[in-house]
Amino acid sequence: MLLLFFSSLFPYTTSLVAEHFNNATAQVLYGSIIIIISLMNVLLSLNLRKLNPEANFGLLYGTRTVIVALDLLFKLVGLLISMTIFPAAMVLSI
């Protein structure tokens with residue numbers, strides 16, 4: 001349900017970024033939603049792995065754990081850069 005709730009915020013945050021591309025607040029809000037959804041997907045796949053251990057789920061279904069960790073790291077770095085120096089870094093990191 002949380003994944004669905006945060007996914008419903010995509011249109012709002014996307015329109016904010018489209019209208020105010022160089023605004024750090026809009027970029028940080030958009031990036032926060034993206035990171036939360038990514039984490040919810042990881043939690044969903046961990047729950048699926050717990051329910052069905054023979055299915056061989058990684059952190060994100062069939063994707064290797066290293067790739068998922070790098071993806072989250074890039075998004076977090078983009079969020080930090082977007083908050084401090086370059087607002088468009090969030091969209092570029094995604």
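Both backbone and side-chain heavy atoms feed into the values below; hydrogens, waters and symmetry mates do not.
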Flag yes if [X] and [Y] sit in one hydrophobic cluster, no otherwise; membership is Ile, Leu, Val, Met, Phe, Trp, Tyr, and two members link when side-chain heavy atoms are under 4.5 Å apart.
X	Y	answer
L4	L44	no
L29	F10	no
V17	L76	yes
I34	V28	yes
V91	V77	no

Closest non-hydrogen atom pair between G78 and S93, with its separation = CA-OG, 3.6 Å

CZ of F74: more than 12 outside heavy atoms within 6.0 angstrom?
-> no

Let me see the working for S38 and L72 under side-chain contact (heavy atoms from CB on, under 4.5 Å), right down to the final yes or no.
-> CA-CA 8 Å; S38 297; L72 287 171; 3.6 Å; yes

Measure the spacing between [atom1] of [X] and [atom2] of [Y] and express it to the nearest 0.5 Å.
X	Y	atom1	atom2	result
I33	L9	CD1	CG	4.5 Å
S8	I37	OG	CD1	8.5 Å
S45	M40	OG	CE	12.0 Å
L3	L39	CG	CG	11.0 Å
L79	I35	CG	CD1	4.5 Å
F6	I36	CZ	CD1	4.5 Å

Under 3.5 Å: donor-acceptor pair, side chain of Q27, backbone of F21 = yes

Find out whether Y30 and T14 are in side-chain contact, i.e. whether some heavy atom of one side chain is under 4.5 Å from a heavy atom of the other.
-> yes

Taking side chain as C-beta onward, heavy atoms only, is N23 less than 4.5 Å from P87?
-> no

Could you go through the side-chain contact (heavy atoms from CB on, under 4.5 Å) check for I94 and M90 one step at a time?
-> CA-CA 6 Å; I94 294 172; M90 190 66 235; 3.8 Å; yes

Would you list the pairs meeting salt bridge (charged side-chain N to carboxylate O under 4.0 Å, His left out) in which at least one residue belongs to residues 75-94, sequence neighbours left out?
-> D71-K75

